[in-house]
Amino acid sequence: DKDEFDDVCDHLLVVDHLPAGGYKVVGTYRLIRREAMSKIGRFYSDGEYDISLIKKHQGEILEVGRSCVDEAYRNRAVMQLLWRGIGAY
């Protein structure tokens, strides 16, 4: 799945490093900061909700969206890695 937002957002990935080498992406989140949003003029959420009051906030804004976790990896550890990654971001 791909849309216009993917080109301006950051993608948080959780990967499983495979024993034979290489890796497999097992979890993702799409992160869109105000600066990235300004490149296309809106957040994804603008198409679903009235977020005009949120956008007036003077500080940083981060839209966290489009999460996906491989079915075999839907567990507490992967979710904690994703949320820890968002916090570090």
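Along the sequence shown, residues carry numbers from 1.
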Response to the item:
Hits for salt bridge (charged side-chain N to carboxylate O under 4.0 Å, His left out) against Lys39, two or more places apart or cross-chain, chain-then-number order -> none

Response to the item:
So CD1 of Ile40 and CZ of Phe5: to nearest 0.5 Å the spacing works out to 4.0 Å

Would you be so kind as to tabulate the donor-acceptor pairs closer than 3.5 Å made by side chains of residues 81-89, with sequence neighbours excluded?
residue: Tyr89; atom: OH; partner: Asp10; partner atom: OD2; Å: 2.4
residue: Tyr89; atom: OH; partner: Arg33; partner atom: NE; Å: 3.2

Worksheet entry | Met37 and Val8: CA distance, side-chain angles, deciding distance, side-chain contact (heavy atoms from CB on, under 4.5 Å) verdict | CA-CA 7 Å; Met37 177 276 301; Val8 298; over 6 Å; no

Worksheet item: Counting N and O atoms only, with roles assigned by atom type, does the side chain of Gln58 sit under 3.5 Å from a partner on the main chain of Lys56, one being a donor and the other an acceptor?
Response: yes

Discussion item. Starting from Ile32, can I reach Tyr49 by hopping between I/L/V/M/F/W/Y residues whose side chains sit under 4.5 Å apart?
Written reply: yes

Discussion item. As an exercise, state the distance from CZ of Arg66 to CG of Leu12, rounded to the nearest 0.5 Å.
Written reply: 14.5 Å

Worksheet item: Who pairs with Lys2 by salt bridge (charged side-chain N to carboxylate O under 4.0 Å, His left out), at least two apart in sequence or on another chain?
Response: Asp7

Fill in: Of all pairs that satisfy salt bridge (charged side-chain N to carboxylate O under 4.0 Å, His left out), the ones with a partner from residues 19-31, not counting sequence neighbours
Asp3-Arg30, Asp6-Arg30, Lys24-Asp70

Practice prompt. Under the side chain to side chain donor-acceptor pair (under 3.5 Å) rule, collect the residues that match up with Ser38, sequence neighbours excluded.
Written response: none

Worksheet item: Are any of the side-chain heavy atoms of Glu63 and Tyr44 separated by less than 4.5 Å?
Response: yes

Discussion item. Between Val64 and Leu31, is there a side-chain heavy-atom distance shorter than 4.5 Å?
Written reply: yes

Worksheet item: Given side chains that start at C-beta, do those of Phe43 and Lys55 come closer than 4.5 Å, heavy atoms only?
Response: yes

Worksheet item: Which residues satisfy the side chain to side chain donor-acceptor pair (under 3.5 Å) test with Ser67, sequence neighbours excluded?
Response: none

Worksheet item: With Glu4, which residues qualify under salt bridge (charged side-chain N to carboxylate O under 4.0 Å, His left out), at least two apart?
Response: Arg42

Practice prompt. Could you note down all residue pairs passing side-chain hydrogen bond (donor to acceptor under 3.5 Å, both in side chains) where residues 73-82 supplies at least one of them, sequence neighbours left out?
Written response: Asp16-Tyr73

Practice prompt. Verify the cluster assignment for Tyr23 and Leu13: are they in a single hydrophobic cluster under the rule of side-chain heavy atoms below 4.5 Å apart?
Written response: yes

Discussion item. Among residues at least two apart in sequence or on other chains, which ones pass side-chain contact (heavy atoms from CB on, under 4.5 Å) with Ile54?
Written reply: Ile51, Ile61

